[in-house]
> 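Below is the structure I would like to discuss, written out as structure tokens.
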Amino acid sequence: MTLHIFNTLTRQKEEFKPLVPGKVGMYVCGMTVYDYCHLGHARAFLAFDLIVRYMRHIGLDVNYIRNVTDIDDKIIQRANENGEPFLNLVDRFANAMNDDFDQLGIERPTHEPRATAHIDDIIKLVQTLIEKEYAYAVPNGDVYYRVRKFEGYGKLSGKVLDELEAGSRVGVDSDKEDPLDFVLWKAAKPEEPHWDSPWGIGRPGWHIECSAMSTCCLGDTFDIHGGGPDLKFPHHENEIAQSEAATGKTYANTWIHAGALRLGAEKMSKSLGNFFTIRDILEKYDGEVVRFFLISSHYRSHVSYLDNSLDEAQAKLERFYNALQEANVGEAVDIDNEYSKRFHAAMDDDFNTPEAIAALFDLVREVNKTTGDEQAALAGQLKYLGSVLGCLQADPQTFLQAGAGDDAAWIEEMIAKRIAAKKAKDFATADAVRDELVAKGIVLKDVPEGTSWSKS
RNA sequence: GGCGCGAUAGCAAAGCGGUUAUGCACUGGAUUGCAAAUCCACGUAGGCCGGUUCGACUCCGGCUCGCGCCUCCA
């Protein structure tokens with residue numbers, strides 16, 4: 001089976017055929033860095049991490065571009081509130097983002113361009129659009145995109161211009177020719193961050209930077225453009241309008257959008273205020289647990305975060321790690337068997353992680369049922385297929401004992417005490433020791449080699 | 001108002017026009033001094049109403065409910 005991807009643009013699954021066989025150019029809209037990332041951000045970027053990992057796994061050479069938006073109204077506002085230069089703020093939160101993503105096993109993109117490093121490209125693009133009459137400058141120095149001039153407007157999101165206007169909550173801006181026109185270049189006040197331009201000092205609008213950076217890194221037409229669900233409109237629609245008007249060529253062939261993360265019934269979002277940050281969660285749970293929770297549902301569907309979501313993900317991972325701990329894990333390579341076939345068929349079908357994980361659970365059962373070389377080989381396969389998902393690479397004992405804090409020495413003492421009691425057939429004492437440990441959340445496991453423990 | 005998505009067993013979550021999804025939880029058994037881990041057994045789930053079909057959770061229509069986008073948002 002070949003890789004099939006659901007294309008938002010055509011609203012169907014399509015066989016994926018890169019422009020250049022074996023190579024993939026992929027652009028994903030990244031973070032605007034003025035605050036810590038929340039779990040909803042993790043959901044989206046994890047989805048694309050998985051997509052990139054899998055494409056590389058099947059031999060595609062992926063050039064993965066994920067930008068950082070480092071200039072925008074919120075950044076300026078927050079920097080002012082803090083009384084710090086905006087680039088200071090931006091660096092701080094870009095670093096925080098990378099730290100958080102690292103813990104979730106989200107691999108770094110091939111390139112991470114920043115808007116402020118592409119001001120020249122942005123200005124050139126705006127100039128081209130003005131020359132082609134897709135954009136116009138107004139007296140105060142703003143430049144707007146003439147939305148009605150672009151025939152294909154709405155093709156990605158399914159919006160119809162006249163209906164947008166009818167229900168528009170956009171205030172009428174007297175300088176715009178049309179209320180739906182959006183800003184490409186914003187005039188700046190002298191005290192705000194700004195760059196020189198043919199239209200006076202100013203800064204780029206939000207949508208234009210992605211058009212400039214994607215084309216810059218990947219060419220006029222590239223394979224995949226992705227982003228969070230809330231970027232489909234207007235951001236991605238505007239990117240298409242800008243780029244295709246400027247180049248006269250197709251912008252991106254395949255559009256991928258991740259599903260939203262919900263807290264209860266509602267989307268987790270900054271504007272609703274119903275979010276918690278990745279680092280809040282990482283104080284209580286291992287990054288792999290968060291990762292496994294988020295990849296346990298399909299990347300395009302909504303995921304609801306519930307009180308027990310992470311505990312459930314933890315329990316599932318424990319099943320994997322218990323198997324890996326018991327087995328003598330062989331070399332991490334794939335085996336041509338039904339588990340591999342199911343795993344790959346699922347992933348080839350629009351990155352169906354729940355189905356792929358189901359195959360892995362069946363493989364776990366097989367690992368637990370077998371012994372010796374056969375078991376070692378299957379356990380190696382489990383570890384290998386897990387690596388494709390960015391999971392199961394931790395030391396099993398470390399994973400299973402995580403959260404025990406500094407109690408390890410005390411636990412070993414208690415275990416020694418219990419083993420002595422058992423030898424003396426003093427089962428009452430042995431059980432009392434174990435009960436004391438259980439009360440602290442420590443579970444003992446007697447194995448042929450002795451006694452091991454894990455955090456419950 | 002416009003456009004779109006979803007509703008699966010106690011919980012989470014997939015595929016599929018007819019044959020066990022999967023995980024957790026539950027129950028019984030094996031194993032264990034007792035446990036834990038593991039294995040075996042165990043659930044006629046598919047919002048409601050029609051239609052198509054020999055047969056529908058799966059296709060079509062309607063309804064109800066929930067959600068998203070249309071404003072910055074991953």
Side-chain angles (χ1 to χ4, degrees), chain A residues 8 11 28-32 37-48 66 72-74 154 157-160 162-171 180 206 226-235 237 257-262 264-272 275 292-293 296-298 300-304 306-309 311-323 325-326 342 345-346 349 352-362 364-365 367-369 400 418 422 425-428 430-431 434-435 437-438 442-447 451-454 456:
Chain A
T8 310
R11 272 138 244 185
V28 169
C29 296
M31 285 297 301
T32 300
C37 296
H38 62 62
L39 194 60
H41 300 129
R43 196 269 186 290
F45 294 115
L46 206 37
F48 293 107
R66 194 186 67 206
D72 113 304
D73 290 350
K74 286 192 183 118
S157 59
K159 306 285 183 200
V160 180
D162 289 329
E163 282 159 0
L164 274 176
E165 194 163 15
S168 176
R169 277 177 271 173
V170 179
L180 293 172
W206 175 39
D230 30 26
L231 297 184
K232 201 190 295 180
F233 187 90
H235 185 240
E237 196 71 59
H257 291 93
L261 180 89
R262 293 181 186 173
E266 282 183 316
K267 190 183 80 163
M268 178 177 286
S269 77
K270 290 240 165 138
S271 35
L272 289 172
F275 63 90
F292 199 76
F293 159 58
S296 293
S297 53
H298 186 86
R300 274 192 288 119
S301 60
H302 302 296
V303 194
S304 285
L306 306 169
D307 290 339
N308 61 351
S309 292
D311 288 333
E312 289 209 352
Q314 170 92 34
K316 291 177 182 188
L317 281 172
E318 280 171 8
R319 179 162 167 78
F320 284 114
Y321 277 116
N322 271 321
Q325 188 184 39
E326 299 287 320
R342 280 174 57 200
D349 183 15
N352 191 336
T353 49
E355 186 71 27
I357 290 169
L360 257 34
F361 275 116
D362 285 336
V364 166
R365 178 169 294 108
V367 168
N368 286 330
K369 283 166 76 167
L400 293 168
R418 176 165 167 274
K422 277 176 63 177
K425 302 277 182 201
D426 178 4
F427 295 121
D431 289 350
R434 193 180 55 214
D435 290 346
L437 286 164
V438 166
I442 305 299
V443 178
L444 298 185
K445 190 197 292 189
D446 292 333
V447 291
T451 298
S452 71
W453 62 273
S454 61
S456 63

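Here is the naming used below: chain letters follow the sequence lines, and residue numbers restart at 1 for every chain.
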> Looking across every strand, which nucleic acid part, if any, lies under 4.0 Å from A:Leu231 by heavy atom: base, sugar-phosphate, or nothing?
sugar-phosphate
> Would you classify A:Phe361 as touching base, sugar-phosphate or nothing, given that sugar-phosphate means primed atoms plus P, OP1 and OP2, and contacts are heavy atoms under 4.0 Å?
sugar-phosphate
> If you compare every side-chain N and O of A:Lys369 against the phosphate oxygens of B:C40 (OP1, OP2), does one of them come in below 4.0 Å?
yes
> Any non-hydrogen side-chain atom of A:Arg43 less than 4.5 Å from a side-chain atom of A:Pro229?
no
> A:Lys316 NZ to B:G23 P: how many Å, rounded?
10 Å
> So, OP1 or OP2 of B:A37: does either fall under 4.0 Å of a side-chain N or O from A:Trp453?
no
> Taking only the C1' atom of each, what is the distance from B:G55 to B:A12 in whole angstrom?
30 Å
> Can you see whether A:Phe48 has A:Arg66 sitting over its ring - NZ or CZ less than 6.0 Å from the centre and within 45° of the normal?
no
> Quiz question: going by heavy-atom distance under 3.5 Å, is there a donor-acceptor pair between the base of B:C34 and the side chain of A:Asp446?
yes
> Please tell me which of the listed nucleotides, B:G23, B:G33, B:C11, lies nearest to the side chain of A:Asn308?
B:C11
> Does any part of the side chain of A:Glu355, heavy atoms only, come nearer than 4.5 Å to the side chain of A:Asp349, both counted from C-beta?
no
> Starting from P on B:U38, measure out to OH on A:Tyr321 and report it in whole angstrom.
15 Å
> Quick check on B:C39: is either OP1 or OP2 less than 4.0 Å from any side-chain nitrogen or oxygen of A:Arg319?
yes
> What base-paired stems does RNA chain B take part in, with at least 3 consecutive Watson-Crick or G-U wobble pairs and both distances under 3.5 Å?
B:1-7 with B:64-70, B:10-12 with B:22-24, B:27-30 with B:38-41, B:47-51 with B:59-63
> Say you pick atom P in B:C5 and the same atom in B:A9; how far apart are they, in whole Å?
22 Å
> Taking atom types as they are modelled, is there a donor-acceptor pair under 3.5 Å from the base of B:C5 to the side chain of A:Arg300?
no
> On the side chain of A:Asp349, is there an atom forming a donor-acceptor pair with the base of B:G15 - under 3.5 Å, no angle test?
no
> Of all the choices, B:A13, B:G33, B:A12, which nucleotide is nearest to the side chain of A:Glu312 once you look at every atom?
B:A12
> A:Leu444 has an atom CG; how far is it from atom P of B:C34, in whole Å?
16 Å
> Examine B:C40: is either OP1 or OP2 under 4.0 Å from a nitrogen or oxygen in the side chain of A:Arg365? Give yes or no.
yes
> Do the side chain of A:Lys267 and the base of B:C67 come within less than 3.5 angstrom through a donor-acceptor pair of N or O atoms?
no
> Under 4.0 Å from OP1 or OP2 of B:C39: is there any side-chain N or O of A:Asn368 that close?
yes
> Of the candidate nucleotides B:C69, B:G15, B:C34, which contains the atom at the shortest distance from the side chain of A:Asp431?
B:C34
> Starting at CG of A:Asn352 and ending at P of B:C16, how long is that distance when rounded to a whole Å?
9 Å
> Would you say A:Ser301 reaches B:A14's phosphate, i.e. side-chain N/O to OP1/OP2 under 4.0 Å?
yes
> Using whole Å, report how far CG of A:Leu164 lies from P of B:C3.
12 Å
> Measure the acute angle between the ring planes of A:Phe292 and A:Phe320, then classify it against the limits of 30° and 60° as parallel, tilted or perpendicular.
perpendicular
> Less than 3.5 Å between a donor and an acceptor, one on the side chain of A:Lys74 and one on the base of B:C72, is that the case here?
yes
